[in-house]
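As the structure lists them, so they are numbered: ligands from 1, and atoms in each ligand from 1. Note that the coordinates shown come from a computational prediction; the quantities given were computed from them, not determined experimentally.
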Amino acid sequence: MTGPATIVEPARAKLNLALHVRARRADGYHELETLFAFVAFGDELRVRDAAFPGFAVTGPFAGPLVAEGNNLVTRAAEAFAARFGPLPPVAIELVKRLPVASGIGGGSADAAATLRALARRTGVTSPDALAEIAADLGSDVPACLLGRTAIGRGRGERLEPVAGLEGAPVLLVNPGVAVATRDVFARWDGADRGPLPVGDAAVIASEGRNDLAAPARAVAPVIGDVLDRLAEHPGVLLARMSGSGATCFALCRDADARTRAAAAIRAAQPGWWCLETILA
Ligand code: C5P
């Protein structure tokens, strides 16, 4: 006898290839122009029918989340049920493979994967309603629901897909310091340094900036070391922080350059999290 089918949804890590902060808003958020992209690695969300509703976190980065009652996954499930009606009893498992509070959208990707999985389970097909729920859950959740390279405006929820950089080799490095997004935005100096460059993803990434890098380095100076270490490797085309940090990424000329940079960083800093992957 086989058990109930499990719905599996990937929750890929998000990168901000560029992140321009343009203005403080009256509602406490900031007006952004950002280039979202996704990598071929992330958390995983599993949903299967069960006698009773349940939620479990497993995987190498489960630790910090297990004690936390108010996870974005359970909030996403509650918001889905509030909009579309009570859920059948399902057991939800989050396989946590991404470091938490690290600027690569793990929690946002988990929430988006929850919405996708529950939509599949219940047969809901309302992209606009799902996008609305996503925006209520967090600024990065709509981008994670879309799951492809896109410019984000507003809080990040107004999305415009762009082409470019598909399959580009990328190295992600996190020094193991959790950084609170709110604290980093609060330290932004208020200077508008201008809009995103115009062009495809490669142009925007190479000519763009991350305006949160300086305030994040004030919160966690080790971010400067990560960026320096990434940038010093031949074959690294671009080294930049993602989101509000502390994860930084390097776009590499080819897979060999990525492997060499990763090996050197692992040898020098065995405690840092290092992921070799590609842009999706
Ligand atoms: O939307 P989300 O809950 O993910 O945002 C977390 C925090 O990041 C907000 O409370 C706010 O302090 C900051 N933020 C911001 N402007 C944005 C997105 C996030 O100030 N566009």
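- The shortest contact between atom 10 (O) of ligand 1 and any protein heavy atom is with Arg182 NH2, 3.4 Å.
- Contacts between Phe185 and ligand 1 below 4.0 angstrom, taking non-hydrogen atoms only, involve the side chain exclusively.
- The shortest N or O to N or O distance between Asp140 and ligand 1 is not below 3.5 Å.
- Residue, atom and distance of the protein heavy atom nearest to atom 7 (C) of ligand 1 are Thr181 CG2, 4.1 Å.
- Here the side chain of Arg240 pairs a donor or acceptor atom with the backbone of Ala205 at under 3.5 angstrom.
- Counting only heavy atoms from C-beta outward, the side chains of Cys144 and Phe38 approach each other to under 4.5 Å.
- Of all protein heavy atoms, the one closest to atom 4 (O) of ligand 1 is Ser139 N, 3.7 Å.
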Please tabulate, for the side chains in residues 159-170, all donor-acceptor contacts under 3.5 angstrom to protein atoms that are two or more places apart in sequence or on a different chain.
{"residue": "Glu160", "atom": "OE1", "partner": "Arg153", "partner atom": "NH1", "Å": "2.9"}
{"residue": "Glu166", "atom": "OE1", "partner": "Gly164", "partner atom": "N", "Å": "3.4"}
{"residue": "Glu166", "atom": "OE2", "partner": "Gly164", "partner atom": "N", "Å": "3.0"}

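- Here the heavy atom of the protein found nearest to atom 21 (N) of ligand 1 is His30 O, 2.9 Å.
- The atoms of ligand 1 that sit less than 4.0 Å from any heavy atom of Gly138 are 1 (O).
- Residue Leu32 approaches ligand 1 through these ligand atoms, each under 4.0 Å from one of its heavy atoms: 21 (N).
- Closest protein heavy atom to atom 5 (O) of ligand 1: Tyr29 CE2, 4.0 Å.
- One side chain, Thr58 or Glu93, offers a donor N or O that lies under 3.5 Å from an acceptor on the other.
- For the ring pair (Phe, Tyr, Trp, His ring centres under 6.0 Å) condition, no pair includes a residue of residues 194-241, sequence neighbours left out.
- In the model, Ser139 has a side-chain atom that pairs as donor or acceptor with a side-chain atom of Arg155 under 3.5 Å.
- Taking the six-membered ring for Trp and thresholds of 30 and 60 degrees, His30 and Trp188 have ring planes more than 60 degrees apart, a perpendicular arrangement.
- Within the 4.0 Å heavy-atom cutoff, Ala186 does not count among the residues contacting ligand 1.
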